[in-house]
Amino acid sequence: MSFFRFPENIPTVFYTIIWVLLLAVIIFVVPFFFTQDLKLLILIKDEELVSNFSEFINPHLILLKIAFELTNLLNIDNYFLFRLLNFIYLGLLILVTYKIIKLRFYDLNFLMPLTAILFSGTILISVITIESYLISGLVTLLVFYYLLKIFEEEGILNIFLFILFSLIALILNNFYFLILITFLIIFKLFNLKLEKKKRLNLISYLCLIYIIGLTFVIIQDINKTDYYSFFNYDFNTFLNKIIKSIIFLLPLLSLLIISIFYNVFKKINWNKDLITFLFIIIVSWFLFIFSNKSNISILIFMLPIMSIYIFRTLEFVELKWSKIFLISLFLIPAVIIYQDTSLYQNTSDIPHINFVFYFSIILASLFNPIFFLGKSSIIAVNKTISFSLILVSSLSLIFFYSQYKSKNLNSVIYDTLDNDLNCDIQETEFIIKEDYPLDLMLFFGDKVKPDYFSECVIELKFSSLDSTPIDDSKSLNKTILDLTTKSYININFKKL
């Protein structure tokens, strides 16, 4: 097993660089498949992005609009460029985390906690979407940071920035931060050594934020909002949220369980700051699973707090039998295999190459510290996990790109027009009916009722694989992978 321990000797900075490069490749390779992303891109394309006051002052939508104008100015027809905003948000998230470490745990080696944040399902999901998850989580972390600074020193600048970022959080419809700062301030007020003046100041800051929040709700028109439905009480949704949180927070979740064991039960590094961080983690997790929406910005805010808590708690701990919790890391290849097999109706339909891929990611997952019987530091454990994740992610990216790139809507339409129908896309008109994939209007919306003379008029019809393909000698039947429904469907081309 000594061979499997060589990742421990690789510098942490190497894993950081490789993972950042991998994320960069992912944002330019992985197609848009979230329904909300496609709808948002269509609104941007049709210049209908802003429809109310909140959207007009929303910083994320403003930046998307600026990015759209820049792509038009530079004549760049690539929607993947909108994802570059996520890299800016992610960089700022890492910077703010660094500032929090220096503020509260100045002697902690910061490189590994910062790197560990990047290696999570939450970050992977958030960089491939253009929803405001990352900026929302970033702003909440900034509110948290400046509140911590106010606890230390009530400077005018700290108070101003705390209120400013609280306002931005409200603009982003991020109301859960109110619950977080309320708990934090109440927690702080229990400090018997706190001066009366500082107690009153903290209460006044909290009241001011609530007044601003209430004013914002009134401006938005309280009858048209769903703020009262913030909490979810449906058991199935509740269970689904728990499963999502487990998957999205891996691999840090496994290390968090180990950290809680040592911190709470063995009293390792038992101090007020770590108790506060653990308290924030628990409150944030409950907010996520009980919230009415799948707002992963809560998890993005949690990640830096979790990472700091883990590496501070286990800083000088040698892990041995507690590494058994890392068996949960095998959920990662299990989820990938499940997602891939769910694309097919029957097991017999799965190509043989897919099974080779399944075997390869399971093999890559064997780089797991649970197989090392000796003691290991948290740094060594995290390096091994990082190495395994890079392998699994790289293999998955290569496989999914090579296996499914030619089966998406864009590739099939372009290939059929060029090779089967002899049509130039620039001179083609599409006639479509209902039940078409959402990305059709994004990439080919200008081909539906175009403002130019059409040399080719193509009628497109879509149906499920369960339906019998259209039997027409003058038409062509193809199969595409519909990314929005995550399933294969039929597409029929008929040249009129």
Side-chain angles (χ1 to χ4, degrees), residues 1 3-4 6-7 10 15 18-34 80 83 118-129 243-244 246-251 253-254 326-371 383-412 415 437 439 465 478-489:
M1 282 297 179
F3 169 77
F4 288 94
F6 79 88
I10 299 174
Y15 293 114
I18 295 298
W19 188 253
V20 170
L21 291 175
L22 189 59
L23 289 178
V25 172
I26 286 171
I27 68 171
F28 284 107
V29 169
V30 176
F32 289 99
F33 56 87
F34 293 116
F80 295 115
R83 287 175 173 167
L118 300 173
F119 287 84
S120 74
T122 305
I123 295 299
L124 201 57
I125 293 295
S126 62
V127 297
I128 62 175
T129 178
I243 295 171
K244 278 186 176 180
I246 291 171
I247 295 171
F248 288 168
L249 291 174
L250 285 174
L253 184 62
S254 306
L326 297 176
I327 197 170
S328 60
L329 296 179
F330 287 107
L331 283 173
I332 296 173
V335 169
I336 295 172
I337 293 170
Y338 171 78
Q339 289 295 328
D340 185 65
T341 54
S342 66
L343 297 175
Y344 302 90
Q345 292 183 322
N346 302 301
T347 308
S348 57
D349 297 331
I350 302 175
H352 294 303
I353 188 66
N354 291 42
F355 292 100
V356 175
F357 164 66
Y358 303 156
F359 176 76
S360 67
I361 60 172
I362 291 172
L363 195 63
S365 299
L366 294 179
F367 284 94
N368 191 314
I370 64 170
F371 296 117
K383 282 183 177 183
T384 306
I385 293 171
S386 300
F387 181 82
S388 178
L389 283 175
I390 288 173
L391 271 183
V392 171
S393 301
S394 300
L395 289 169
S396 300
L397 183 63
I398 294 169
F399 170 76
F400 283 114
Y401 183 81
S402 60
Q403 186 75 349
Y404 300 115
K405 178 70 170 77
S406 62
K407 297 174 183 178
N408 65 32
L409 181 70
N410 277 13
S411 300
V412 171
D415 181 68
D439 48 346
L465 287 184
K478 300 274 186 174
T479 301
I480 64 167
L481 177 60
D482 183 7
L483 296 175
T484 53
T485 60
K486 316 295 185 298
S487 62
Y488 283 102
I489 61 173

Under 4.5 Å between any side-chain heavy atoms of [X] and [Y], yes or no?
X	Y	answer
I336	F400	yes
Y358	P333	no
L389	Y15	no
V412	T479	no
D340	Y404	yes
I10	K383	no
I370	F330	yes
I337	I362	yes

Q. With under 30° as parallel and over 60° as perpendicular, where do the rings of Y344 and Y488 fit, or are they tilted in between?
A.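 Tilted: the ring planes of Y344 and Y488 meet at 30° to 60°.
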Q: Take the angle between the ring planes of F355 and H352 and call it parallel below 30°, perpendicular above 60°, tilted in between.
A: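 It falls in the tilted class, 30° to 60°.
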[X] side chain vs [Y] backbone, donor-acceptor pair below 3.5 Å:
X	Y	answer
S402	F399	yes
S388	A364	yes
N368	L326	yes
N346	S348	no
S393	I390	no

Measuring from atom [atom1] of [X] to atom [atom2] of [Y], what distance do you get when rounded to the nearest 0.5 angstrom?
X	Y	atom1	atom2	result
L409	I480	CG	CD1	4.5 Å
I247	T122	CD1	OG1	10.5 Å
N410	N408	CG	CG	5.5 Å

Q) Has L21 got more than 12 heavy atoms of other residues, nucleotides or ligands less than 6.0 Å from its CG? A)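 Result for CG/L21: enclosed.
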